[in-house]
Chemist: 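One structure is given below, represented as structure tokens, and several questions about it will come after.
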Amino acid sequence: MCGIVGAISKDKNILPILITGLKNLEYRGYDSAGVAYFENNKICITKVTGKVDNLVQKISDDDSSKIGIAHTRWATHGKATTVNAHPHKVGHITIVHNGIIENFEEIKEKLSQCGYSFKTSTDSEIAAALLNYYYEEYNNIEKAIESFMKEAKGSYAISLLIDNDQNNLYCLKKESPLIIATGNNFNIIASDIRAILKYTNKYYILDDFEYAKVNNSEIIIKNSKGLVLNKELKEYTHENKENSKGHYKHYMLKEIMEQSKTIADTAIPYIDDGIASLLTMPDLTKYNAIDIVGCGTAYHAGLVAKYLFQEITNTKCNVYLASEYRYQNNFLSKDTLTIFISQSGETADTIAALKLVKSNNLPSLGIINVENSSMTFLVDQCLYTKAGSEIAVASTKAYTAQVTMLSLLALSHAYRNKTLKEKEVLEVLKEFKNISNLITPLLDKKNIYQSIAKEIYNEDDIFYIGRGLDYVLSMEGALKLKEISYIHSEAYAAGELKHGTISLVKKNTPVLCSATNDKLNPKTVSNLKEVLARGAKVYLITDDSYNDPAFNIINIPKANIFIKPLLIVIPYQLIAYYTADLKGTDIDKPKNLAKSVTVE
Ligand code: F6R
């Protein structure tokens, strides 16, 4: 993970570029930050723990430089301390690094024998030392970079400064994203073009095993053998809306509240002209099976799709966590379509799984939110969700946009393979057109969610249960609560509790449940009775007409199976939000997390 920026200018102070870039890259991590720049022929390094704002406080208005590098960190090797924060300086070389040097122990051992000693617990300091080692050997930074590339295993996007060279920045890349943007008398290195769009939208994308020498007027990109490459200059033309919280206390709340719109925006191209528009969805009838791959919330969206594909369209569908998919026998087949789901389009595990499918020449489809992100260039075909930019680390509107896209994909398949009649498909489309009227009243039940939050926010353990689709939704509910409130919450298939976990249910343990399946509801209610009998407090989200006073009931409207998940999740999101708000956690940037998980 981590975000890196480097900037060089002929005549302007680059510190504002570095700070703006870092702030925009905080979605990649925010546990510590640092900057290194030349001032009066000397490299000055400032590092802090915590967010970029803490770094800003350490930089005075008088500080100025025309060349520098900066970093915002998500700790992998070594705690989030000032000493472990980047930049790391070893000998003549100062670097910022994103990625993981997998053979760092081996390199450390070799360098220790050559007299190097280390101050930090990071793999990045070892990378700096290895670059310095070869720099001293060849007295040539390019040769040093090429040797580094031969030796270092794992992933890296590195930007570096060399002592006594105020005219050049260098950068190198393998498996972690890196771009070099160019402007009038200045150039910027960054993890992501969107982070520096305030300054320029023209950029080069570095590919694996490429490096560059960057000065204020020239960018020279080479491959690992030192051959100069003629790379395409790209232009980022997508809208880059300034994002503010508006009157909301947190981005997460704003994003939850935007969902009637973002679901509608995602659905409209496929519903506005009835069946004709639905049939612009990719035709899946040529495949025997569908595999879905994603992480976290995106994986949960995949589980909803599995239910729809298997139960409604009678099509075999498996869903995999990307981090597992990579290392198992997937019985790859050209008759299987693999769908990759990602908000960011940058998640390392999902990208690696996608590369695996591609290397076997097998078909892939992306459901991705961020335009021009790495995955969009790798998939055979991409369906863009229209969630807009999601700033809060906990995903809400991206999830409902993913579920919307997958539901419509399953619906189009049901039409094509005739598992649903045209009349039934039209009914669903009609409900999709009415989605705002179903969602808005649920978003408005603030008092109910706040009163539940008050009852549960001091608890240590909370269980989420359900059956079928309701179980899949409970997984997303439990994830939302734990990531922002830090309360231990787990989802279980309702029928599974009695096979072990019910031993943890005691007096007042909150059990949150959704029951929206007429056939399964009686069974789920029996499971609720079982936990009630052990003293649990039950909160039930349902579209059924229960009035048992032992249950705290949150009613949701009756809806088609393709729409239902979009309704069930709203109370779960808002209960998580208000619970975290009562606990006073940093809701938009919860501890230990990052918005984009770019390491394996
Ligand atoms: C949870 C959350 C994460 C992401 C996961 C995948 O709220 O946001 O679980 O869903 O890291 O990220 P993307 O969708 O960017 O691949």
Side-chain angles (χ1 to χ4, degrees), residues 26-27 29-31 50-51 74-75 80 245 248-259 295-301 343 390-400 442-443 445-466 470-492 501 504-514 531 536-541 552 554 568-597:
E26 272 191 326
Y27 73 88
Y30 41 78
D31 60 38
K51 301 201 181 113
W74 186 86
K245 277 191 285 214
Y248 291 101
K249 188 171 174 190
H250 295 100
Y251 278 105
M252 183 175 176
L253 185 58
K254 175 177 176 253
E255 289 162 6
I256 292 172
M257 292 302 173
E258 281 170 358
Q259 287 177 107
C295 301
T297 286
Y299 168 75
H300 292 163
Q343 187 286 127
E390 193 180 60
I391 308 284
V393 164
S395 186
T396 53
K397 62 176 182 167
Y399 170 79
T400 45
L442 289 176
L443 293 170
K445 293 186 178 187
K446 178 175 167 183
N447 293 346
I448 297 184
Y449 309 130
Q450 278 181 328
S451 70
I452 296 174
K454 260 191 208 137
E455 289 180 28
I456 65 174
Y457 82 103
N458 275 325
E459 299 295 337
D460 295 327
D461 303 292
I462 299 186
F463 297 108
Y464 283 69
I465 62 170
D470 286 305
Y471 169 43
V472 167
L473 267 295
S474 74
M475 292 166 88
E476 178 57 10
L479 178 64
K480 278 311 77 112
L481 185 79
K482 74 176 76 143
E483 62 183 330
I484 58 168
S485 73
Y486 317 145
I487 298 174
H488 170 241
S489 47
E490 292 303 333
Y492 292 94
T501 310
L504 297 173
V505 173
K506 53 182 196 280
K507 189 162 185 293
N508 288 336
T509 302
V511 175
L512 277 70
C513 173
S514 70
V531 295
K537 277 193 291 191
V538 168
Y539 301 89
L540 176 63
I541 300 168
N552 298 282
I554 305 158
I568 303 168
V569 79
I570 303 285
Y572 279 144
Q573 292 172 343
L574 282 163
I575 291 168
Y577 172 79
Y578 286 116
T579 305
D581 194 33
L582 281 178
K583 294 203 83 171
T585 59
D586 190 349
I587 291 186
D588 287 334
K589 290 197 168 96
K591 68 173 169 154
N592 301 343
L593 300 180
K595 184 73 188 154
S596 184
V597 184

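Computed from a predicted structure; not experimentally measured.
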Chemist: Hey, which of E258, K254, M252, Q573 is the one that makes side chain to side chain contact (heavy atoms under 4.5 Å, CB included) with K397?
Modeler: E258
Chemist: Rounded to the nearest 0.5 Å, what's the gap from CD1 on I456 to CG on L582? Could you check?
Modeler: 9.0 Å
Chemist: Do L481 and L512 have side-chain heavy atoms sitting under 4.5 Å apart?
Modeler: no
Chemist: Starting at CD1 of I568, measure out to CD1 of I554 and round the result to the nearest 0.5 Å.
Modeler: 11.5 Å
Chemist: Any heavy-atom pair between the side chains of D588 and I391 that's under 4.5 Å?
Modeler: no
Chemist: Would a 4.5 Å heavy-atom cut-off, applied to side chains only, mark L593 and Y30 as touching?
Modeler: yes
Chemist: If we ignore angles and hydrogens, is there a donor and acceptor under 3.5 Å between the side chains of T297 and E476?
Modeler: yes
Chemist: For residues L574 and M257, determine if any side-chain heavy atom of one lies less than 4.5 Å from a side-chain heavy atom of the other.
Modeler: yes
Chemist: Look at the aromatic rings of F463 and H488 and report parallel, tilted or perpendicular, splitting at 30° and 60°.
Modeler: perpendicular
Chemist: Under 30°, 30 to 60°, or over 60°: which ring-plane class applies to Y577 and H250, parallel, tilted or perpendicular?
Modeler: perpendicular
Chemist: Pair C513, I465 - check side-chain contact (heavy atoms from CB on, under 4.5 Å), show working.
Modeler: CA-CA 5 Å; C513 173; I465 62 170; 3.8 Å; yes
Chemist: For Y492 versus Y471, what's the shortest heavy-atom pair and its separation?
Modeler: C-CE1, 3.3 Å
Chemist: Looking only at side-chain N and O atoms, does Y539 offer a donor or acceptor that is under 3.5 Å from a partner on E455?
Modeler: yes
Chemist: Between S489 and K480, do the side chains contain a donor N or O and an acceptor N or O under 3.5 Å apart?
Modeler: no
Chemist: For a side-chain hydrogen bond (donor to acceptor under 3.5 Å, both in side chains) with S395, tell me which candidate from Q343, K595, E390 qualifies.
Modeler: E390
Chemist: Hey, what do you get for CD1 (I587) to NZ (K249), rounding to the nearest 0.5 Å?
Modeler: 7.0 Å
Chemist: Got L442 and Y449 here, is their nearest side-chain heavy-atom distance under 4.5 Å?
Modeler: yes
Chemist: Where do V505 and A536 come nearest, in terms of heavy atoms and distance?
Modeler: CG1-CB, 3.7 Å
Chemist: At what distance, to the nearest 0.5 angstrom, does CD1 of I487 lie from CG of N458?
Modeler: 8.0 Å
Chemist: Could you check if a side-chain atom of Y578 sits within less than 4.5 angstrom of a side-chain atom of I452, using non-hydrogen atoms only?
Modeler: no
Chemist: So do I462 and P510 actually touch side chain to side chain, heavy atoms under 4.5 Å?
Modeler: yes
Chemist: Would a 4.5 Å heavy-atom cut-off, applied to side chains only, mark E459 and T509 as touching?
Modeler: no
Chemist: Kindly determine whether S474 and Y572 satisfy side-chain contact (heavy atoms from CB on, under 4.5 Å), including the steps that lead there.
Modeler: CA-CA 8 Å; S474 74; Y572 279 144; 4.1 Å; yes
Chemist: Go through the steps to decide whether V569 and H300 satisfy the test side-chain contact (heavy atoms from CB on, under 4.5 Å), and finish with yes or no.
Modeler: CA-CA 11 Å; V569 79; H300 292 163; over 6 Å; no
Chemist: Distance-only, no hydrogens or angles: does the D31 side chain make a donor-acceptor pair with backbone N or O of A75 under 3.5 Å?
Modeler: yes
Chemist: Does Y486 have K583 sitting over its ring (NZ/CZ under 6.0 Å from centre, angle to axis within 45°)?
Modeler: no
Chemist: Looking at A594 and W74, what are the two nearest heavy atoms and their distance?
Modeler: CB-CD1, 3.8 Å
Chemist: Say you draw a straight line from OH of Y399 to CD of Q259; how long is it, rounded to the nearest 0.5 Å?
Modeler: 10.0 Å
Chemist: To the nearest 0.5 Å, tell me how far E255 CD sits from Y248 OH.
Modeler: 11.0 Å
Chemist: Of all the heavy-atom pairs spanning P590 and I484, show the shortest one and how long it is.
Modeler: CG-CG2, 3.9 Å
